[in-house]
Structure formats: C-alpha cells, structure tokens
Amino acid sequence: MNSLILNAATRLLVALMLLFSVYMLLRGHNEPGGGFIGGLIAAIGFALYAMAHGTAAARRALRFDPAAISVVGLGIALLAGLSAALAGDALFTGQWWFAGAIDGEKGLPISTVLLFDIGVYLVVVGAALTIALALEDET
Amino acid sequence: MSWLLSLPIVLPFAMAILAFLFRANGRSGRWLSIGGSVLLLAAAVGLMIAVLQRGVIAAQMGGWPAPFGITLVADLLSAVMVVITAIIGLAVAIYALADIDARREALGYHVLFQVLLAGVSGAFLTGDLFNLYVWFEVMLIASFGLLVLGGDKEQLDGGIKYVALNLVSTAMFLSGIGMLYGLTGTLNMADLHLAVRDVENTGLLTVIAVLFIVAFGVKAAVFPLFFWLPASYHTPPVAISAIFAGLLTKVGVYALIRMFTMVFTQDIGYTHGLLLAIAVLTMITGVLGAAAQNEFRKILSFHIVSQIGYMVLGLALYTPLALVGAVFYLVHHIIVKANLFLVSGIAKRLTGSFNLAAVGGLYKSSPLLAVLFLVPAFSLAGFPPLSGFWAKFLLVKASLDIGAYLVAGTALLVGILTVFSMTKIWAEVFWKPHPEDVAPALRLVERGNLTALLVPVTGLAVMTVMIGFFPEPFIGFAERAAAQLLDPTGYVTAVLGASP
Amino acid sequence: METVLAPLVGILVAASVYLMLARNLIRFLFGLVLLSNAANLTIFIAGGLTPAMPPLVPEGLARPAEVVANALPQALVLTAIVIGFGLLAFALVLVYRGYRVLGTLDSDAMRFAEPDEIAPDTSRSEGRVP
C-alpha cells in the first residue's frame, strides 16, 4: 500500500507498539498482560510495517525468519519448564531468584516464569508473523 | 516420576526444535528423527517398566495439586500406547530415509513428524480433559502440515476435507468440555470419575456423552463420520500415510475408551448401546467400501475404518473380556496397518503405481516382499496363528458370551470380507503378471534405500508373528490393562492421592 | 445473563450450520469461525457468569480480598481462542492455496483425490518414482 499518511504514521506507531508489547510482557505476572498478548501486539506492529513498506522490508526489519523465532521461543519455554528439575521440583514449577535481596528488601525478582513468558512471546510473534507475511506475500 | 511421564512428550519437542535449527544442514534432520525416535522408545520402555512395577503413576505439572493443575498419568493402556507410538515412530523414521524427498525434508518434514509424535504421546499420557484437547490440536496441526506438505493437487484436495471435518469435531469436543465443566466443575479425568456420580441431571450427562461420541468419533473415523479418512489418507507420501494410518485414528479410539470407561458410565444401556450400533455399522461400511476400491492405499484406508469398528465393538460390549479384546486389537492393529501401508509403498516403488489394474508380477520377481505382505494382510483378516486371529477371537468370544450372536456373526463376516480384499490385492499386485510385462525386482532398488525400506517392514512383520505365536503374555497384559479400565480406583488414587 | 447468552450460542450454531452446508469453502470457513466462537462461549457460560473482581491476590495478602471470578473457564477460553485462531489461520491459508492450485472453491468440484472414473490413472505416478 502506498500511502503517505500510513508510511509516516507507521514510523511512530511501530516503535510505540514494540515498546508497549515489551511493557505488556513484563507486567504480565501480577497484572493483566503477559507473553501472549505482548507477542500479538508486537506481531501487529510488524504486520503494520509490512503493510506500509512491503513484506520484504518487514522481513529485513525482523532480521530473523519468523518461523525460526517461534521455534527458538518454543525452545526457551521448554527449557524454562525443564529447569525446575534442577531444583528438584516437579517440571514446570516456577523458580524464583531475588537478585540483590537484602533484609527487608525483596530485590529484583527473576523467575523461570518470566523466561517461559518470553518464550511464549517469541512463539506468538513468530507464528503470527509467519502466517501474516505468507498471506501478504501471496496477494 | 515427573521426568518419566514427561520425557515421551518433551523428547520429541526437543528433537523438533533441533531438527528445525539444523534444517539447512541437509541430511541431519533424518538422523535427528531416527535418534529422537530411538530415545522416545527408550523413554517409553522406561515408563512401561515403571508402570508394570508400581501400578498407575501420576505427576503434577508445576507442582499444582491434582484437580487444579495439569496431571500426567500412565496406566497400562497409556504406557503400552506410548510404547507402540515410539515403535511405529521409529519404523516410519527409518522408512522415511528412502521415502521422503529432499524437497519435503527442506519444508520441515522432520520437524512436523516429531511434533506429531509429541502430540500423540501427550494425548495418551494426559489426565486432564482440556489438556487432551490441547494435545489433540498439537497432533492435528502437525498432521495438517504433514498431509499437505509438498502441495500436490491430491494432497491439497484431501487436506481441505481432512482439515474441515477435524475442525468441526474440535468445536464439538470443546463444547462438550464446556458443558461437562459446567455440570461437574472439574476437568481432571480422575476427579470427573468421582464427580459424575453426584450429578443429578443424568439426562444432560448422556447428552454430553453423545457429544463426545461425535467428537471422538470423527477423530476415530467411525460410521457415519469417517468420510475424511478415505478422502485424504492415500494422498501424502507413504511414510506419512503409514504414521497416520497407524496412530491418528487410534488416538480417537483411545479417547473413547478412556472417557467411556472412566467418566460416562452412568447410562451404559444408552451410550454403549449407541456405540455398539456404531461399531457394527462401521465394520460393515468400512469393509464394503474397501471391496469397491481398486487402489492399494484406498483399500487399506477403508480397512482402517472397518477395523476401528472392531475396537469400538470391544468398548461397546463393555465386558471384561471385550475390553481385553479392544486393548489387544488396538495394539495389534497399529502394528499391522502401519506395516501394510509401508508394504504398499514398496510395491508402488517397484511397479510404478498404486492402481491395482496397472501393476502385477511381484510374487515372481520379489517373493520376499510377497511374504512381507502376506503376514500383515493375513493378520488383518484374522488368520491363525497371527496376531489378528487372537484379537478377533477375543472379541467374538466376548460377544458370544453375552449372547450377542448377531454381533459375533457380523464380526466374522467382516473378517471374511477382509480376506476378500486382501486376496484381491494379492491376486492383482502379486499373482497376475504385470500388464506391461516388466519384472520389477527388489534388487533394482538402490542398496541403501532397500535397507531403509525393508528393515521397518520386516521388523513389524516379525512383531506380528511373535504376538501371534506367543499370545499369552500379551493377552495377560491386555487383561491387566482392561481390569484397570473397568476399575479405575487405582487411577483415581494415583492422581488424587488417597481415595475418599 | 446466562439466559441471554445461551440462546446466543444456539443462534451462532444455527448460523454456522447454515453456512457450513454451503458448497463454497469460504462460507464453510465462516461457519467454522462461528462454530468455534459458539464453543468458546459455551465454556465461558458454563463457568458461571458472576460480577466479580479479577482473580488477583493483592500485595501482602494470602488470598483475594473479595469475591473473585472463576479464572479457570477464562483460561480455558483463552487457550481455546488461541488454538482456534491458529487452526483457522491455517485453514484459511490452505483453502487459499487450494483455490490457487485446484482453481475452485466449490467442494463438489474437488475430486482430485477421489476421481470419479476408475480407469487406470497414470498421471498420479509421475513425480513419485524416485
């Protein structure tokens, strides 16, 4: 699509959407949000970019093959789930570390749950874009 | 425990990821595929040993206690299904060395194949109804991909019908899950077993049961919901047809057996009576459909339908002996049917066609292949002393025991008609001379390919003969599995802890 | 609220059956979309509709402060929507590919896998011989 308005707006919107998708991903554990919804927002951002500048440009902007992104995401999610076994828990049990925790201060919580969510995020971005770009290519 | 139960699911997924990452690297995918199947077999055997020693085992994913979290459970039936999945997976992975071309490998055949195995194992091992739905979908999406991989005309045509009908069945399954949850408040199968006893509105429960019969009936390809199967199974490459023929419909049968022994037992007269009618009609239509076909794989496809009827029959009669027969039949059928599809692929490769009119002469030129065809073919028809004889014998005996003479007669008649189909293939493909007077011999196939083609076929044929000659341990095993199905107390205790 | 939504499920299913009976595959797909939405809605209604807070535990408490909604049906519906979305996207791409390759959207005209004639069909064997 060759539209000046869309082209100009896309530059701003895509950056905003990607930022917002990461925000959604990170707030997901305790509040509404999460990897799936974040991934969809990011995928919409790239789909918009593909609409404005063509799929070739979108693939360049993505840098990696979308299918590869989703498979890597699946691998990350799988590893996050399996890592519970290292701590001796049942598989897919969330593991938590509190980085820099001192008395009375919780520190920065880091968990395999977040890792799993990042995996989900990548799976969703990859899968949605694989389909969207393939359909866009055909027309 | 947790590891033992999740390895058969995690391993194929890991292999799928590796196969994808190395997909650019030419032939590494196929070795990953074979290696993955070997590891899966090892994991499945480990699981089987554990189940044999300790009875039903269960694990809670994420450490959430039973009715709330996702539970993986293995009783004898689940364990044997996972083992057989791994065996067929290995056989097909070896066969695929010679059968899947480089183009399909580059398109991701090995990735989809491993995802399919993961989905099938997951469906066998899960103890949660919604999770079963998820594994069904994993399996379906992989099978969709495999079915249309390469994108030939016939493949797309068959694929559209396959996808359409399976998606409708998925929606039915989902509605059934929703209503069952609304009625009982739980989706954990063990918990459901207890919860359905307290349901007052048993009429609604029966309606839901029928919804599940339709949903699983489409997956299992029973009458009158089987039309997607003969429309699609003969279109992809043989290796893909074989794994579909061996495993996919049987997941539907497994789900039927699981649900209708564990949950829907409140109105056996109606639900199992319905299943009995379905089973008989499935047997008859399948075998008659096969008699009308003149294409090797289409005949075999219709026979899948007819054989599914026998397994559902075992469930529908719902006596201990009939369930023994159903379990035995399930295992025997997977081996035999996958093997027949693999043989059809070799015959096609030698003679150039699946069309019975255009081929011939294989008995003279490759007697080894003729023997390898006869073993599974006669086993399918139920000749002693092959595995199919014992499977049919158990089912017929079970129906005679409860005085269902008509059913027993139908089962025997369908057996005879199966012989007719098999002799038709035998006469056309092997006995009559080739119409163009060529003598296709096995040695014409390139050496490496020949090994890849013959090893799985021979291995599966040997298994059929073994089960046939030494049926006692297998029947004994099926008896124990059926006893667990009829009395799920052990299952419930393993999942929920001490039984209330 | 259930009494309003339950007939809605019925209407959705009726509409989807009507659409799915059409020979045109695009109509069939639309019917499928409606059917999967009806199934999702069924789960949602079956979980019980209550005006309640989201099931989140506030900071510092061990359990939710007030009555919360049942989270399970929502999780199930979300999963079902995601899976349904994936499958329908696949089906759409498949039908589109089918249209490009087979040249038709009429399910009656799709007889490539099951041709009517029984005559020997030599064209199929091409390209499969190694």
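Excluded from the calculations below are hydrogen atoms, water molecules and symmetry mates; all remaining heavy atoms, backbone and side chain alike, are included.
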**Q.** Proximal component of C:Leu29, with respect to chain B [non-hydrogen, under 4.5 Å]
**A.** neither
Q: Go through the atoms of C:Leu35 and report whether side chain, backbone, both or neither lie under 4.5 Å from a heavy atom of chain B.
A: both
Checking [X] against chain C: side chain, backbone, both or neither under 4.5 Å from a heavy atom?
X	answer
B:Phe173	neither
B:Val148	side chain
B:Val238	neither
B:Phe144	both
B:Leu187	side chain

Q | Any donor-acceptor pair under 3.5 Å from B:Ser169 side chain to B:Lys219 backbone | A | no
**Q.** Exam field: side chain B:Gln155 to backbone B:Gly150, donor-acceptor pair closer than 3.5 Å
**A.** no
Q.
Quick check for you: among C:Gly98, C:Ser36, C:Gly31, C:Pro73, which has the greatest number of heavy-atom pairs under 4.5 Å with chain B?
A. C:Pro73
Q) Based on non-hydrogen pairs under 4.5 Å, which of C:Leu25, C:Val101, C:Leu87, C:Leu88 is most in contact with chain B? A) C:Leu87
Q: Give a yes or no on whether C:Phe90 atom CZ has more than 12 heavy-atom contacts from other residues, nucleotides or ligands under 6.0 Å away.
A: yes
(Q) Under 6.0 Å between ring centres: does that hold for B:Tyr133 and B:Phe130? (A) yes
Quick one: of [options], who has the most non-hydrogen atom pairs under 4.5 Å with chain C?
options	answer
B:Gly185, B:Gly182, B:Gly158	B:Gly182
B:Ala164, B:Gly176, B:Ser232, B:Pro230	B:Ala164
B:Val163, B:Leu167, B:Ile177	B:Leu167

Q. With distance as the sole criterion, is a donor-acceptor pair present between the side chains of B:Thr235 and B:Asp152 under 3.5 Å?
A. no
Q. Going from CD1 on C:Ile81 to CG on C:Asn40, what distance comes out if it is rounded to the nearest 0.5 angstrom?
A. 5.0 Å
Q. Is any NZ, NE, NH1 or NH2 atom of the basic residue among B:Asp157 and B:Lys161 found under 4.0 Å from an Asp or Glu carboxylate oxygen of the other?
A. yes
(Q) Taking the six-membered ring of B:Phe354 as reference, does the cationic atom of B:Arg297 (NZ for Lys, CZ for Arg) lie under 6.0 Å from its centre and within 45° of its axis? (A) yes
